[in-house]
Structure formats: C-alpha cells, structure tokens
Enquirer: 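So that we are looking at the same thing, I have put the structure below in structure tokens.
All residue numbers refer to positions in the sequence shown, counting from 1.
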Amino acid sequence: MRLKSIFTNSFGILLSRVTGLGRDVLMASAMGASMWSDMFFVAFKLPNLFRRIFAEGAFTQAFMPSFVASKHKGVFATAIFLRFLLFLMAFSLLITFFPEPITKLLAWGWGEELIGKTAPMTAINFWYLDLIFIVTFLATLLQYKEHFATTAMSTALLNISMITALYIYMKDDPKTVAYALSFAVLIGGGLQIIAHLATLHNFKLHKLLLGGWKYRKAKDIEAEKKHFGSLFLPGILGNSTPQISAFIDTILATFLMTGSVSYLFYANRVFQLPLAIIAIATATVLFPTVSKALKNGQEDIAYKNLNQAFWLLAFLLGAAMLGGILLAEPIVWLLFERGKFTTMQTYETVKVLQMYMVGLLPFGLAKLFSLFLYASHQHKKAAKIAIYALITSVSMSLILMQFMGASGLALAGSIGGWVLFAFTVKEVGTNRFFEIIKSKKLFYFIVMILLFGLSLYFINIWLVNLIR
C-alpha cells in the first residue's frame with residue numbers, strides 16, 4: 001500500500017482543514033450563530049456542496065477509469081473539460097441574473113425579506129462552482145500521475161483568502177463581513193487554479209491538453225465520451241450521498257430555531273476533519289492504483305490494498321469517532337466559544353457533533369469499499385446503493401428533527417451512513433469483508449476501542465470540570 005503518498009496527502013488535507021477550522025473560529029467570533037451567519041452559509045451551501053462532490057472524488061471516480069482506458073487521452077480530456085465548463089458558465093450566468101429562486105430552494109423555511117437579502121450573496125458565491133470544476137479537472141490529471149500534494153494543500157488557499165477578509169473586516173457589521181467572505185471565496189478559487197496550473201506545467205501535462213485541442217477534430221472519441229457519460233451521473237450520485245444529505249439538512253434546518261443552520265455547519269466542519277485526512281486521503285491515493293490493477297487483471301494487488309487500508313481506517317476512524325463523541329464539548333469550546341459564540345450555542349453544537357460522529361466509521365469505510373465499484377465501472381450499482389442511503393437519511397431526518405432539532409438531522413445522516421456501508425460491502429462481496437475481519441486485528445481493535453473509550457470518558461470529565 002502507498003503509505004508515503006497516503007500520509008503526504010493526509011498532511012496536505014490536514015493543512016487545509018486546520019486553516020479551515022481557523023477560518024471557522026474567526027467566523028464564529030465575528031458573526032456567532034446569527035441571522036447573517038445563517039445567510040452566508042446558505043449562500044455558500046450550493047457551491048460548497050459541488051466543491052465537495054467534485055473535489056472529494058465524485059468527478060474523478062467517473063473520469064479516471066474512462067481516461068485510463070482512452071486511446072486519445074489529450075483529445076478526450078479536452079472535450080470533457082470544455083463541455084462541463086461551458087455548461088457551468090451558462091448556469092452561473094443564469095443564477096447571477098435570477099438568484100432568488102435558487103436561494104428559496106436552499107432555504108424553504110425563510111420569508112421573502114430574508115430570501116431577498118441572501119440572494120445577492122448566492123449569486124456571488126455560485127461562481128466558485130466554475131472555479132472549483134477547473135481545479136478538480138486539473139487535479140484529476142495530476143492524480144493520474146500519482147501526484148496528490150498540490151490538490152490536498154490548495155484548499156488552504158481558499159481558507160487563507162477568507163481568513164484575510166475576516167481579519168480586515170472583523171470589526172465591521174455582520175453584513176459587511178458576510179459580503180467580504182463571499183468575494184474572498186472567489187479570490188481563493190482563483191488562487192487554487194493558479195497553483196494547479198503551475199504544477200501541471202512542471203509535470204508537462206499542459207502538452208497533453210494543448211495536443212488535445214490541436215487534434216480535437218482529427219480523432220474520433222465519440223464512443224469514449226458516450227461511455228464517460230454513462231458513468232458520470234451514476235458516479236456523482238453514488239459518491240455524494242453525505243453531501244446531498246447535508247444539503248437537504250440545511251434546507252430542513254431553516255424550519256428550526258435561529259442558529260440551527262450554523263450549528264450544523266460548525267459541527268460538520270469538525271466531523272469532516274478526520275473523514276478527510278483519514279478516509280478521503282487514503283481513498284484518493286488508492287484509486288489510481290486500484291483502477292490500473294483491475295484494468296490489468298491484477299485483482300490480488302487490488303484486494304491486498306483493500307485489506308491493509310481497511311485496518312488502517314478502522315483503527316484511526318474508530319479512535320476519531322470515540323474522541324468526537326466523548327470529547328465533543330471540550331472540542332467545540334476550544335474551537336468556537338469566543339466573541340459572539342455563546343455557551344448555549346456551544347451546547348447546541350455539541351449535540352449535533354456527537355450525532356455526526358456516530359457515522360464517521362461507516363462513511364469512511366464505505367468510501368474505501370466503493371473504490372472497487374468505481375474502478376470496475378459499476379457506477380450504476382454505487383448510485384443505487386446511494387439512493388437507498390439517501391432515502392433512509394431523509395426519512396429519518398423528517399422524523400427525528402421533530403424531537404431532537406438539529407441534532408436529529410445529524411443522527412439521521414449517520415444512520416444513512418451505516419446503510420451506505422452495509423449495502424456497499426454486500427455489493428463488493430460480503431465474503432471478502434468476512435475474510436478481512438477474520439483476523440487477530442479484530443481482537444486488537446475491540447480492545448483498543450474499549451480501553452480508549454474508557455480513557456476518554458475520564459479525560460472528558462476532567463476537561464469539562466476544568467473549563468466550566
């Protein structure tokens with residue numbers, strides 16, 4: 001298994017997520033969990049949703065197998081890039097002129113006045129979608145060359161841009177802060193593109209794209225484009241269940257008390273940190289290797305990587321899940337409770353974070369097993385599994401939000417994660433799963449969970465007494 005690449009990618013993602021947490025700490029201090037913070041998070045939700053869908057593997061898992069199999073890689077890559085970019089630019093122009101309908105779609109529970117105030121920010125933030133697609137496309141070409149560091153670290157540029165805006169406008173009114181953040185999002189996206197273009201040039205991959213443009217009319221790639229098209233939509237759906245679920249939760253949260261959208265956002269940011277640096281980093285590095293191994297008929301190599309990665313994720317995600325549940329209050333207190341972020345808001349965020357953390361292990365392991373579906377071009381099966389998980393999550397959200405508020409929405413998402421994991425394992429092969437866990441490592445895992453959980457329980461009591 002490519003441990004060096006995994007840890008390099010993890011470090012890059014960790015850098016991005018740490019700067020992201022720093023950004024969120026400043027945002028919490030500047031705006032708290034208020035009307036204006038809710039408005040900005042709603043405006044940023046749609047482009048951020050697509051950022052996660054594109055940047056965290058969905059586009060790559062549809063594009064990479066087709067790109068590996070393509071006989072005219074430059075022409076194929078150029079054709080796909082132009083098709084998507086032109087569509088997204090046209091869509092962004094439409095949102096710029098008519099932002100109210102999409103804003104209403106994002107916040108069904110809000111009145112017309114609040115929708116009207118949020119709509120201009122929605123129009124600004126939506127252009128980040130165009131920028132992040134360019135970043136993701138360039139990142140996929142770099143992943144083919146098994147280079148991951150630039151993409152992993154580049155999100156830090158977005159966060160640094162937003163931190164700079166917060167630093168400059170921190171003492172201004174919340175409206176000014178929200179608009180400054182919206183423009184900073186676009187600046188950060190531009191910086192990400194520049195970083196990827198520089199790396200692309202170093203790997204001389206720009207020649208591939210230039211050649212693709214030059215010979216775009218001379219090579220017949222219709223069959224390849226058609227094959228990619230058959231994989232893309234199922235690939236997007238199959239890989240984006242957590243993001244779509246979180247998106248729907250944001251809409252449902254607008255029907256709850258003020259601040260609920262912000263509680264979900266802040267808690268989800270903490271949840272995404274271990275998911276990204278452990279599960280997403282590992283899956284990103286393994287995907288090109290697994291794709292090439294299965295294409296060349298080397299199944300033993302592919303499944304050896306699965307076995308090793310499974311236990312790496314199980315131990316790390318299991319520890320992170322316990323830490324997030326048992327140390328939720330000290331974590332939220334340390335990160336957010338300052339300025340306009342009150343103790344009461346900490347308690348509400350803690351409840352949401354604990355419910356999110358219940359789903360950390362299944363989401364991470366499902367990410368790993370799903371690689372084999374995408375690498376073997378079984379995108380439709382992955383999409384069908386995702387639909388089952390999404391239906392479960394949304395159904396449970398509608399029920400649990402009545403009794404638990406925002407934390408019920410988070411728990412519903414975690415339940416969907418367990419459904420996603422169970423069906424993904426079944427499709428990849430239940431026998432293979434049992435072969436993996438029939439190991440003495442399972443005993444070590446159970447003992448580690450019990451001892452680590454007990455230790456964290458007493459550490460939490462000590463920390464809560466200390467901070468309260």
Enquirer: Using the rule given for side chain to side chain contact (heavy atoms under 4.5 Å, CB included), can you reason through Leu131 versus Gln192, listing the C-alpha separation, both sets of side-chain angles and the distance that settles it, and then say yes or no?
Expert: CA-CA 8 Å; Leu131 302 176; Gln192 287 178 273; over 6 Å; no
Enquirer: Check whether Asn268 reaches the backbone of Leu264 with its side chain - one donor and one acceptor, N or O, closer than 3.5 Å.
Expert: no
Enquirer: Please enumerate all residues that pass side chain to side chain donor-acceptor pair (under 3.5 Å) together with His196, with sequence neighbours excluded.
Expert: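 Side chain to side chain donor-acceptor pair (under 3.5 Å) check on His196 returns Thr151.
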Enquirer: Taking the side chain as everything from C-beta on, heavy atoms only, tell me whether Phe403 gets closer than 4.5 Å to Ile399.
Expert: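 Contact flag for Phe403/Ile399 side chains = yes.
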Enquirer: Would you call Trp127 and Leu93 a side-chain contact if the rule is heavy atoms closer than 4.5 Å?
Expert: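 Yes. Closest side-chain heavy atoms under 4.5 Å.
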Enquirer: Whether the side chain of Ser260 engages the backbone of Leu256 through a donor-acceptor N/O pair (distance < 3.5 Å, no angle test) should be reported.
Expert: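 Here the side-chain-to-backbone pair does not exist.
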Enquirer: Do you know which two heavy atoms are closest between Ala123 and Thr96, and how far apart they sit?
Expert: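 It is CB-CA, 4.0 Å.
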Enquirer: Heavy atoms, side chains only, cut-off 4.5 Å: are Val42 and Trp110 in contact?
Expert: yes
Enquirer: Side chain to side chain donor-acceptor pair (under 3.5 Å) with Asp24: which residues, sequence neighbours excluded?
Expert: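 Side chain to side chain donor-acceptor pair (under 3.5 Å) check on Asp24 returns Arg269.
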Enquirer: Does a side-chain heavy-atom distance below 4.5 Å link His147 with Thr150?
Expert: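 Of all side-chain heavy-atom pairs linking Thr150 with His147, at least one is under 4.5 Å.
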Enquirer: When you measure from the side chain of Ser161 to the backbone of Ala184, do you find a donor-acceptor pair of N or O atoms at a distance under 3.5 Å?
Expert: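 At least one qualifying donor-acceptor pair exists.
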Enquirer: Ignoring hydrogens and angles, tell me if any N or O in the side chain of Thr254 forms a donor-acceptor pair with the backbone of Ile251 under 3.5 Å.
Expert: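 Side chain of Thr254 to backbone of Ile251, a donor-acceptor pair under 3.5 Å: yes, one is there.
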Enquirer: Under the side chain to side chain contact (heavy atoms under 4.5 Å, CB included) criterion, do Phe133 and Leu129 qualify, and how do the steps go?
Expert: CA-CA 6 Å; Phe133 166 70; Leu129 178 55; 5.7 Å; no
Enquirer: Taking the inter-plane angle between the rings of Phe91 and Phe126 on a 0 to 90° scale, is it parallel (under 30°), tilted (30 to 60°) or perpendicular (over 60°)?
Expert: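 Perpendicular, since the angle between the ring planes exceeds 60°.
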Enquirer: Sequence neighbours left out, what passes side-chain contact (heavy atoms from CB on, under 4.5 Å) with Lys104? Give chain and number order.
Expert: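 Expected list: Glu112, Ile115.
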Enquirer: For Phe336, which residues count as a ring pair (Phe, Tyr, Trp, His ring centres under 6.0 Å) partner, sequence neighbours excluded?
Expert: Tyr266, Phe341
Enquirer: Looking at residues at least two apart in the chain, or sitting in another chain, which of them share a side-chain contact (heavy atoms from CB on, under 4.5 Å) with Met404?
Expert: Met355, Leu400, Ser407, Leu411
Enquirer: Identify the heavy atoms of Leu373 and Ile385 that sit nearest to each other, and give their distance.
Expert: CD1-CD1, 4.1 Å
Enquirer: Taking the side chain as everything from C-beta on, heavy atoms only, tell me whether Leu181 gets closer than 4.5 Å to Val185.
Expert: no
Enquirer: Hey, are the side chains of Phe421 and Val425 touching, using non-hydrogen atoms and a 4.5 Å cut-off?
Expert: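 A side-chain contact under 4.5 Å exists here.
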Enquirer: Do Phe372 and Glu427 make a side-chain contact, defined as non-hydrogen atoms from C-beta onward lying under 4.5 Å apart?
Expert: no
Enquirer: Which residues pass the ring pair (Phe, Tyr, Trp, His ring centres under 6.0 Å) test with Phe255, not counting sequence neighbours?
Expert: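 Ring pair (Phe, Tyr, Trp, His ring centres under 6.0 Å) check on Phe255 returns nothing, list empty.
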Enquirer: Could you name each residue pair satisfying side chain to side chain donor-acceptor pair (under 3.5 Å) that touches residues 163-175, not counting sequence neighbours?
Expert: Asp173-Thr176
Enquirer: If you measure from CG on Leu316 to CD1 on Ile278, what distance do you get to the nearest 0.5 Å?
Expert: 5.0 Å
Enquirer: Where do Ala195 and Leu157 come nearest, in terms of heavy atoms and distance?
Expert: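 Looking at all heavy atoms of both residues, the shortest contact is CB-CD1, 3.9 Å.
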Enquirer: Just verifying a value: how many Å separate Asn125 CG and Ser182 OG, rounded to the nearest 0.5 Å?
Expert: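 Asn125 CG to Ser182 OG: 4.0 Å, rounded to 0.5 Å.
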Enquirer: Establish, yes or no, whether a centroid distance under 6.0 Å links the rings of Phe76 and Phe63.
Expert: yes
Enquirer: If you count the non-hydrogen atoms of other residues, nucleotides and ligands that lie under 6.0 Å from CZ in Phe423, is the total more than 12?
Expert: no
Enquirer: Quick check for you: to the nearest 0.5 Å, what is the distance between Thr250 atom OG1 and Phe41 atom CZ?
Expert: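 Nearest 0.5 Å value for the OG1-CZ distance: 10.0 Å.
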Enquirer: Please enumerate all residues that pass side chain to side chain donor-acceptor pair (under 3.5 Å) together with Thr122, with sequence neighbours excluded.
Expert: Thr103
Enquirer: Does atom NE2 (His201) have a neighbourhood of more than 12 heavy atoms from anything else shown, all under 6.0 Å?
Expert: no
Enquirer: What are the two closest non-hydrogen atoms of Ala309 and Leu286, and how far apart are they?
Expert: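 Residues Ala309 and Leu286, closest heavy atoms: CB-CD1, 3.6 Å.
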Enquirer: Evaluate Leu158 against Leu191 for side chain to side chain contact (heavy atoms under 4.5 Å, CB included), listing each step before the verdict.
Expert: CA-CA 7 Å; Leu158 170 67; Leu191 293 174; over 6 Å; no
Enquirer: Are any non-hydrogen side-chain atoms of Leu420 and Pro362 less than 4.5 angstrom apart?
Expert: no
Enquirer: Between Ser16 and Asn159, do the side chains contain an N or O donor and an N or O acceptor separated by less than 3.5 Å?
Expert: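 Distance-only check fails for Ser16 and Asn159.
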Enquirer: Checking Lys384 now: which residues fulfil side-chain contact (heavy atoms from CB on, under 4.5 Å) with it, not counting sequence neighbours?
Expert: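 Per chain and number, Lys384 pairs via side-chain contact (heavy atoms from CB on, under 4.5 Å) with Tyr388.
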Enquirer: Please identify each residue that fulfils salt bridge (Lys or Arg N to Asp or Glu O under 4.0 Å) with Lys73, with sequence neighbours left out.
Expert: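 For Lys73, no residue satisfies salt bridge (Lys or Arg N to Asp or Glu O under 4.0 Å) once neighbours in sequence are set aside.
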Enquirer: Using the side chain to side chain donor-acceptor pair (under 3.5 Å) criterion, which residues pair with Ser154? Sequence neighbours excluded.
Expert: none
Enquirer: Is there a donor-acceptor pair under 3.5 Å between the side chain of Gln354 and the backbone N or O of Lys351?
Expert: no
Enquirer: Stepwise, does the side chain to side chain contact (heavy atoms under 4.5 Å, CB included) test hold for Leu209 with Phe137?
Expert: CA-CA 11 Å; Leu209 297 178; Phe137 174 79; 4.0 Å; yes
Enquirer: Check whether Asp38 reaches the backbone of Gly259 with its side chain - one donor and one acceptor, N or O, closer than 3.5 Å.
Expert: yes
Enquirer: Minimum heavy-atom separation for Thr424 to Ser370, with atom names?
Expert: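 For Thr424 versus Ser370, the nearest heavy atoms are CG2-N, 3.7 Å.
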Enquirer: Look up atom CZ in Phe183 and atom CD1 in Ile124, then write down how far apart they are to the nearest 0.5 Å.
Expert: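 Going from CZ on Phe183 over to CD1 on Ile124, the span is 3.5 Å.
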Enquirer: Nearest heavy-atom pair of Ile163 and Gly22: which atoms, and what distance?
Expert: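 Closest approach of Ile163 to Gly22: CD1-C, 4.3 Å.
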Enquirer: Might you confirm whether atom CD of Gln402 has over 12 heavy atoms from other residues, nucleotides or ligands at distances under 6.0 Å?
Expert: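 Buried by this count: over 12 neighbours within 6.0 Å.
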Enquirer: Say you draw a straight line from NE2 of His72 to OG1 of Thr78; how long is it, rounded to the nearest 0.5 Å?
Expert: 13.0 Å
Enquirer: Checking Tyr179 now: which residues fulfil ring pair (Phe, Tyr, Trp, His ring centres under 6.0 Å) with it, not counting sequence neighbours?
Expert: none
Enquirer: Nearest 0.5 Å, what's the OG1-CG distance between Thr282 and Leu365?
Expert: 10.5 Å
Enquirer: Could you check whether any side-chain N or O of Ser393 sits under 3.5 Å from a backbone N or O of Ala389, counting only pairs where one atom can act as donor and the other as acceptor?
Expert: no
